[in-house]
Amino acid sequence: MPNYGVSGDVRDLGFGSNVTEAEVPGAIITTCLGKATTLVDSYLEHTYPEQVPYTVAADIPVLINGLTTDIAIYYAKRAKHPGPGPLSEDIKKEY
């Protein structure tokens, strides 16, 4: 089963086009897309049990890819700023 969303978009839209692999590793993005895919599936499976989860990447609707990418960006930002301390106002605006 493929992850929904686009990994390049998670990095570019979430952190800027100048961000490198070292700054936001692909492993984090893949994990975040997996979590986002699971979340999206949990909502779609009730209404579309015969179609979801999508098994072929070409069958995934553009809207689903976009929503999953947005959720994965949130997860990736949260992964980059963990901890018990309060977030700065700039980080809060990013969320």
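What you see is a predicted model, and the numbers here were worked out from it, not measured in a lab. The first residue of the sequence shown is numbered 1, and numbering continues consecutively from there. Computed over heavy atoms, backbone and side chain alike; hydrogens, waters and symmetry mates excluded.
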### Task
Looking only at non-hydrogen atoms, find the nearest pair between Val6 and Thr69 and report the distance.
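Scanning both residues, the minimum pair turns out to be N-OG1, 3.0 Å.
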### Query
Minimum heavy-atom separation for Ala72 to Ala36, with atom names?
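Of all heavy-atom pairs spanning Ala72 and Ala36, the closest is N-CB, 3.8 Å.
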Without placing hydrogens or testing angles, list every side-chain donor-acceptor pair under 3.5 Å for residues 48-62, not counting sequence neighbours.
none

### Task
Kindly work out whether a path of hydrophobic side-chain contacts (I/L/V/M/F/W/Y, heavy atoms less than 4.5 Å apart) joins Leu67 to Ile73.
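No, separate clusters.
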### Query
Same cluster or not: are Ile64 and Tyr75 linked, directly or through other Ile, Leu, Val, Met, Phe, Trp or Tyr residues, by side-chain heavy atoms under 4.5 angstrom apart?
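Linked, Ile64 and Tyr75 end up in one cluster.
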So, taking the atom named [atom1] in [X] and the one named [atom2] in [Y], what distance separates them when rounded to the nearest 0.5 Å?
X     : Y     : atom1 : atom2 : value
Phe15 : Ile29 : CZ    : CD1   : 7.0 Å
Ile71 : Cys32 : CD1   : SG    : 11.5 Å
Lys35 : Asn3  : NZ    : CG    : 12.5 Å
Ser7  : Ile28 : OG    : CD1   : 13.5 Å

#### Entry: Asp41 side chain near Tyr4 side chain, heavy-atom distance below 4.5 Å
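In contact.
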### Query
Hey, are Arg11 and Glu23 close enough for a salt bridge, meaning a charged N less than 4.0 Å from a carboxylate O?
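Salt bridge: no.
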For the side chain of [X] and the backbone of [Y], is there at least one donor-acceptor N/O pair under 3.5 Å apart?
X     : Y     : answer
Lys77 : Gly14 : yes
Thr30 : Ala27 : no
Thr68 : Thr37 : no

